[in-house]
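These notes are about the structure you will find just below.
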Amino acid sequence: MVENTDLLKILVVDDEKDIREGIERILKRMKYTVLKADRGEAALEILGKETVDIAILDLKMPGMDGMELHQRIRDIDEKIIVIIITGYATIETAIEAMKQGAYDFIPKPFEPEHLRIVVRRAHEKLRLIKEAEMLQAERARTLIDLDMEKSRIRTIVESLPTAVVVTNTSGEVVLMNPAFLASLDLDESVMAGEKLEFYVDDMGFREMVLKLSQGQIDAESEAPTYELVVSGSKYLMARGQSVINENNECMGAVVTFANITSLKMLDQLKSEFVAKVSHELRSPLSTIHEQLALVLKETSVNETDVDQHLIERAKEKTHGLISLIGDLLDLSRIEAGGISHNIQSIQVADLLKSIVDFLGIRAQSKDQSLTFELASDALPFFIADPMALESIFGNLIANAINYSPKGAVIVVKAVLAGKYIKVRVSDNGFGIAPKYHDQIFERFYRVKNDDTRYITGTGLGLPIVKGLVDSLNGEIKLDSDVGRGATFTVLLPV
Ligand code: ADP
């Protein structure tokens with residue numbers, strides 16, 4: 001393929017004028033720019049001023065011969081393609097010239113077509129050389145770009161104040177930063193490249209990261225978190241995400257860490273504060289409550305109805321405060337892990353029956369039916385502090401009574417299900433919309449709607465229930481919707 005011929009310059013060096021001009025004619029018709037010289041010295045002079053792409057040299061010339069000129073041209077510019085013209089007598093010299101780097105040779109006398117073919121070939125070679133040079137330059141540029149991009153990302157990750165670690169699909173660490181090493185109390189000389197267990201002991205954390213690394217956690221859902229403790233006193237919150245490429249394949253995981261030690265301490269201080277204040281408030285309030293009860297008894301005859309009513313209200317309010325304080329103290333105890341003072345073996349069915357009997361009076365006052373069913377022949381003994389079980393089921397049954405209208409049906413059912421004692425407290429009352437199912441287990445959360453607005457409570461019952469169930473390694477589930485009643489199921493491992 002020959003193109004852009006007029007951009008190429010060809011130097012013709014021959015002492016025979018006819019040949020020089022004959023070649024010029026042919027090449028000009030091919031649209032090349034032609035320069036001519038009748039001897040070596042003149043050719044070198046031209047090369048001093050002009051850049052030439054192809055040189056066609058006669059071997060036998062007076063003065064500097066073609067071989068020498070070829071050498072000199074190579075010294076000036078290696079890229080010039082040299083074609084040798086030679087008589088049959090000097091064909092061996094031509095071969096010698098080729099060995100030294102000449103591109104081709106044309107024996108004299110030659111047909112114009114032969115010259116054209118050789119020049120076209122030389123031109124094609126030039127084009128290929130140029131193309132190769134361009135590709136080479138482009139490749140070098142791409143490599144430099146890639147390298148810069150890589151080192152830029154590396155620098156950014158290294159300087160991030162947040163601890164970051166990146167794993168591949170086999171859970172090996174491929175990238176991490178100094179903040180990660182510092183957060184995990186690792187030496188700064190520790191290198192990437194090892195399995196995650198080399199850096200982090202916590203099994204649960206490693207399982208989460210491995211799942212993320214292999215795309216086993218839905219990438220659309222919220223990034224999962226994991227709380228881990230380092231060196232016994234440092235709390236980190238890890239948050240991870242799968243790394244998905246443009247083909248939707250999982251390439252690994254990226255995990256960041258936040259130090260939540262101070263938050264944890266604050267939380268603990270808050271709990272301690274609440275516990276302390278509650279404790280201090282309880283006895284004076286109880287005293288006031290007792291005294292109000294006394295005043296009520298003594299004044300019933302001669303005081304007016306209005307005064308009676310006021311004192312009655314004050315007594316109710318103090319009673320509410322005392323039970324709030326009781327709840328707060330229970331919660332603090334559960335959080336501090338100190339709820340199992342009085343471990344005994346308990347007959348759960350008997351315990352449930354006595355709670356149902358006790359709360360039955362309250363249910364009756366609302367015309368509700370509250371019944372207990374034992375669906376297994378007998379339940380095995382359960383080892384725990386009976387106060388904990390009383391608190392769990394007392395709260396659940398009291399809620400069923402409170403959050404159901406007059407005439408509702410409440411059933412408490414216990415059954416042995418494999419290795420668990422399963423207790424269900426169900427009512428056909430107001431029910432709870434699914435969007436609140438998690439929130440109602442948080443401290444002080446209460447669902448406010450037209451049905452529940454006038455029901456008093458603290459929002460601490462269910463957090464206490466949850467805390468106690470957790471401490472017994474049990475589980476609590478809720479099935480409910482608005483208007484459909486609520487069923488709380490507690491599973492306790494025997
Ligand atoms: P409290 O009863 O003091 O408000 P809880 O923590 O026991 O606190 O309950 C939190 C909220 O959950 C309640 O305010 C109520 O809205 C809802 N709830 C609990 N049990 C039931 C139930 N059986 N039926 C309907 N709503 C309930």
Side-chain angles (χ1 to χ4, degrees), residues 271 274 278 282 285 316-335 339 352 355-356 358-360 362-373 387-414 422-471 474-491:
S271 298
V274 169
S278 313
R282 185 150 69 170
L285 263 176
E316 269 168 29
K317 289 285 169 198
T318 45
H319 179 74
L321 279 174
I322 291 167
S323 76
L324 164 67
I325 287 168
D327 284 352
L328 285 172
L329 284 172
D330 278 352
L331 256 187
S332 319
R333 262 200 299 277
I334 294 166
E335 277 171 1
I339 24 111
L352 287 171
I355 302 173
V356 165
F358 177 69
L359 291 174
R362 219 195 283 178
Q364 260 170 28
S365 71
K366 288 180 82 178
D367 293 330
Q368 295 169 336
S369 101
L370 169 61
T371 50
F372 171 63
E373 279 175 32
M387 285 284 284
L389 292 193
E390 269 167 30
S391 184
I392 294 172
F393 298 111
N395 266 304
L396 290 179
I397 299 168
N399 277 351
I401 297 171
N402 281 344
Y403 299 103
S404 300
K406 272 187 165 227
V409 177
I410 300 159
V411 179
V412 180
K413 192 168 165 179
K422 182 159 116 184
V423 181
R424 259 181 22 203
V425 178
S426 39
D427 62 64
N428 60 353
F430 305 131
I432 309 156
K435 64 176 172 184
Y436 300 122
H437 285 195
D438 285 335
Q439 280 159 298
I440 54 169
F441 289 98
E442 286 167 18
R443 275 181 271 177
F444 301 110
Y445 193 86
R446 308 197 64 226
V447 183
K448 293 254 167 67
N449 56 35
D450 288 344
D451 291 327
T452 62
R453 197 169 307 278
Y454 300 104
I455 300 170
T456 52
T458 58
L460 289 174
L462 290 179
I464 289 176
V465 170
K466 176 95 174 69
L468 289 170
V469 170
D470 285 348
S471 75
E475 234 181 281
I476 180 160
K477 292 185 216 161
L478 167 59
D479 177 24
S480 180
D481 206 340
V482 178
R484 222 170 38 75
T487 298
F488 286 86
T489 306
V490 175
L491 291 168

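Read the numbers this way: they start at 1 and go in the same order the structure lists the ligands and their atoms.
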To the nearest 0.1 Å, how far is atom 5 (P) of ligand 1 from its closest protein heavy atom, and which atom is that?
L462 N, 3.6 Å

Would you call the rings of Y445 and Y436 parallel, tilted or perpendicular, taking 30° and 60° as the class edges?
tilted

Contact atoms of ligand 1, heavy-atom distance to G461 under 4.0 Å
5 (P), 6 (O), 7 (O), 8 (O)

Starting from atom 10 (C) of ligand 1, which protein heavy atom do you reach first, and at what distance in Å?
Y445 O, 3.4 Å

Under the 3.5 angstrom rule, does the side chain of T452 hit a backbone N or O of V447 as a donor-acceptor pair?
yes

Measure the distance from atom 19 (C) of ligand 1 to every protein heavy atom, then report the residue, atom name and distance (to 0.1 Å) of the closest one.
N399 ND2, 3.6 Å

Under 3.5 Å donor-acceptor, S278 side chain and L329 backbone
no

With a 4.0 Å cut-off on heavy atoms, does D427 reach ligand 1?
yes

Check: A486 N/O within less than 3.5 Å of ligand 1 N/O
no

Under 3.5 Å donor-acceptor, E442 side chain and P463 backbone:
no

CG/L370 to CZ/F358 distance, rounded to the nearest 0.5 angstrom?
12.5 Å

Whether G429 lies under 4.0 Å from ligand 1, heavy atom:
no

What's the shortest distance from atom 24 (N) of ligand 1 to any protein heavy atom, and which residue and atom give it?
Y403 CB, 3.4 Å

4.0 Å heavy-atom contact, S480 with ligand 1:
no

Run the numbers for me: atoms of ligand 1, each under 4.0 Å from some heavy atom of G457, listed by number.
3 (O)

N/O donor-acceptor pair under 3.5 Å between K366 side chain and I401 backbone:
yes

Atoms in ligand 1 with a heavy atom of P463 nearer than 4.0 Å:
6 (O)

Roughly how far, to the nearest 0.5 Å, is NE2 of H437 from CG of L478?
4.0 Å

Which of the numbered atoms in ligand 1 are under 4.0 angstrom from any heavy atom belonging to G459?
1 (P), 3 (O), 4 (O), 6 (O), 8 (O)

D450 atom CG: more than 12 heavy-atom contacts under 6.0 Å
no

Is H319 atom NE2 crowded by more than 12 heavy atoms from other residues, nucleotides or ligands, each under 6.0 Å away?
no

N/O of V447 under 3.5 Å from N/O of ligand 1, yes or no?
yes

Return the closest protein heavy atom for atom 12 (O) of ligand 1 as residue, atom name and distance.
I440 CG2, 3.4 Å

Run through L396, V423, D427, T371 and flag the one making a side chain to side chain contact (heavy atoms under 4.5 Å, CB included) with V412.
V423

Give the residue and atom name of whichever protein heavy atom lies nearest to atom 26 (N) of ligand 1, and the separation in Å to one decimal.
I432 CG1, 3.2 Å

Students should be able to answer this: which protein heavy-atom is nearest to atom 4 (O) of ligand 1, and at what distance?
R446 NE, 2.4 Å

